[in-house]
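To start, the structure under review is shown below, and the notes come after it.
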Amino acid sequence: MKLAGLKSVENAHDDSVWAAAWVPATEARAARLLTGSLDETVRLWKSDELVLERTNTGHCLGVVSLAAHPAGEIAASASLDSFVRVFHVDSNETLATLEAPPSEVWKMQFDPQGTALAVAGGSSASVKIWDIKTWQLIATLSIPRPEVSKPADKSGSKKFVLSVAWSPDGRRLACGSMDGTISIFDVTRAKFLHHLEGHFMPVRSLVYSPSDPRLLFSASDDAHIHMYDAEGKSLVGAMSGHVNWVLSVDVSPDGAAIATGSSDRTVRLWDLKNRLALQTMSNHTEQVWEVAFQPTGSAGFRAGRLASVSDDKSISLYDYS
C-alpha cells in the first residue's frame, strides 16, 4: 500500500478549503471531485486532471461539509449559515434547501442505499435525518449525556455534534461530539444504543469500514485515531503519530488502509493490519481539513485516488495502490 502524488492545485479557492467529496461516476460522465471553502463556494473538478468545471454559489457563509449521493447525480453542501443546499451535480439546479436553525450544520452523509441524508446538528445536540424523495425531516436523533460525565464537560445535557457516519448496511448511525464521545443509534427504530468512549477531545470525523459493518474509525483533536467494534462497544485499536489535531479520516475502498489529515499539515496513510503509519505526505503548508478516497463500487479493488484539502487553499490528489 502506498500513496504517490499526482497533482496539486494551488489557490483552488479564494479562502481555506474545509470540505471535499467524490461524486461517483454515472453512465454519462466520469467521477468528479467537489470541494467547499470558506469563500462560500462549492467547486466541481474533473477527477484526474483537477480541472475546474464549475463554481457553485448560494451560501452566505463558509462551506464546511459536502456529501454526494451514491448514485452520483445529486450532492449536498452545508454552510455556517445553517442551511444545507441540495443540488443536481451536472446542472447545479437547487433541488432543496434544508434549514436547521439555530445551530450551524457540520458533517453530513447520505445513507448507503441513497434514501436519506444525515446531518450533524452542532449545538442542537442531535443528528437530523431527511428523506431524499420529499426532503422532509423524518427523524431527529438526540444525543444523551453519558452516565459518567468527564470533568471538563460543563455543557450540561447538551452535546455539540461534529461528525456523522452510516454503517455500510445502513442499520447504524454513529456521531461524534465535542466532548470526545461517540454515540451509536439504531436507525430503523430511531433509538440510541450506546456511547463509545476513549477520546477526550472533539471527534471531528468518523467512517465505517466498507467490509465490516461493526468496524468504526474515529479521528480526534487528541491526535489519535481509534478503531472500535461499534456493536460490541469496545476499543479494538488505536493509532498515533500525528503531532496535532486529527481533523479527518477515511478508509480505502479495499478496506486495508485509512488516510488521515491533521493540523500538523500532513496526510498519513495507515496499514490497518499492522496499525502503523506507512507514509507521511507533506504537500500542504497549512492544516489539512479533509481527506477523501474515491469510491470504486467494485469489490477487491486495489488502486484508486485520494484527495486532500487544506487551509492553504489548495487541493492535492494522490494515487493509492
Side-chain angles (χ1 to χ4, degrees), residues 18-19 64-65 78 80 82 100-109 118-129 139-167 172-187 190-208 214-250 258 260-264 287-290:
W18 280 18
V64 296
S65 183
L80 292 171
S82 300
S103 169
E104 61 270 28
V105 174
W106 290 93
K107 296 286 187 179
M108 57 186 179
Q109 188 179 34
V119 179
S123 59
S124 70
S126 67
V127 174
K128 297 182 185 299
I129 301 179
T140 298
L141 307 179
S142 297
I143 314 299
R145 189 178 183 183
E147 293 180 6
V148 179
S149 300
K150 299 178 178 63
D153 185 8
K154 300 177 181 179
S155 59
S157 61
K158 293 295 183 182
K159 297 170 69 66
F160 197 103
V161 184
L162 289 167
S163 52
V164 65
W166 291 90
S167 63
R172 299 287 187 260
L173 194 68
C175 59
S177 298
M178 188 74 80
D179 67 355
T181 56
I182 298 167
S183 304
I184 305 296
F185 288 88
D186 179 321
V187 179
K191 180 182 179 182
F192 169 76
L193 296 178
H194 50 258
H195 289 297
L196 301 176
E197 303 285 349
H199 290 298
F200 294 93
M201 295 181 72
V203 177
R204 296 185 185 269
S205 184
L206 293 167
V207 63
Y208 275 91
R214 297 174 66 105
L215 189 59
L216 177 71
F217 303 97
S218 60
S220 171
D221 285 7
D222 61 19
H224 289 80
I225 304 103
H226 283 176
M227 300 168 56
Y228 291 96
D229 177 347
E231 294 294 299
K233 300 187 288 184
S234 60
L235 177 64
V236 297
M239 290 168 280
S240 60
H242 284 294
V243 297
N244 212 325
W245 301 353
V246 188
L247 300 172
S248 179
V249 60
D250 199 16
I258 59 171
T260 52
S262 169
S263 287
D264 66 13
Q287 59 186 6
V288 180
W289 275 104
E290 189 138 48

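Under the 4.0 Å criterion applied to side-chain N and carboxylate O atoms, Asp186 and Lys191 are not assigned as salt-bridge partners.
With Met239 as the fixed residue, the side chain to side chain contact (heavy atoms under 4.5 Å, CB included) test singles out one of Ile258, Val249, Val246: Ile258.
Across every non-hydrogen atom of Ser142 and Ser126, the tightest pair is CA-CB, 4.1 Å. Scanning both residues, His194 and Glu231, for their nearest heavy atoms gives CE1-O, 3.8 Å. The two residues Cys175 and Ile143 make their nearest non-hydrogen contact at SG-CD1, 3.2 Å. Closest approach of Tyr208 to Ala165, counting heavy atoms only: CE1-O, 3.7 Å. When all heavy atoms of Leu193 and Arg172 are compared, the closest pair comes out as CD1-NE, 3.3 Å. Residues Lys107 and Arg204 approach most closely at CE-O, 3.6 Å, considering heavy atoms.
Between His226 and His199, the two ring planes are parallel [angle under 30°; tilted spans 30° to 60°]. Aromatic ring orientation, Trp18 versus Trp106: parallel (interplanar angle below 30°, classes split at 30° and 60°).
Side-chain atoms of Ser263 never come within 3.5 Å of backbone atoms of Asn244 as a donor-acceptor pair (strictly under, hydrogens ignored).
When side chains are defined from C-beta on, Leu162 does not count as touching Val203, because their heavy atoms never get closer than 4.5 Å.
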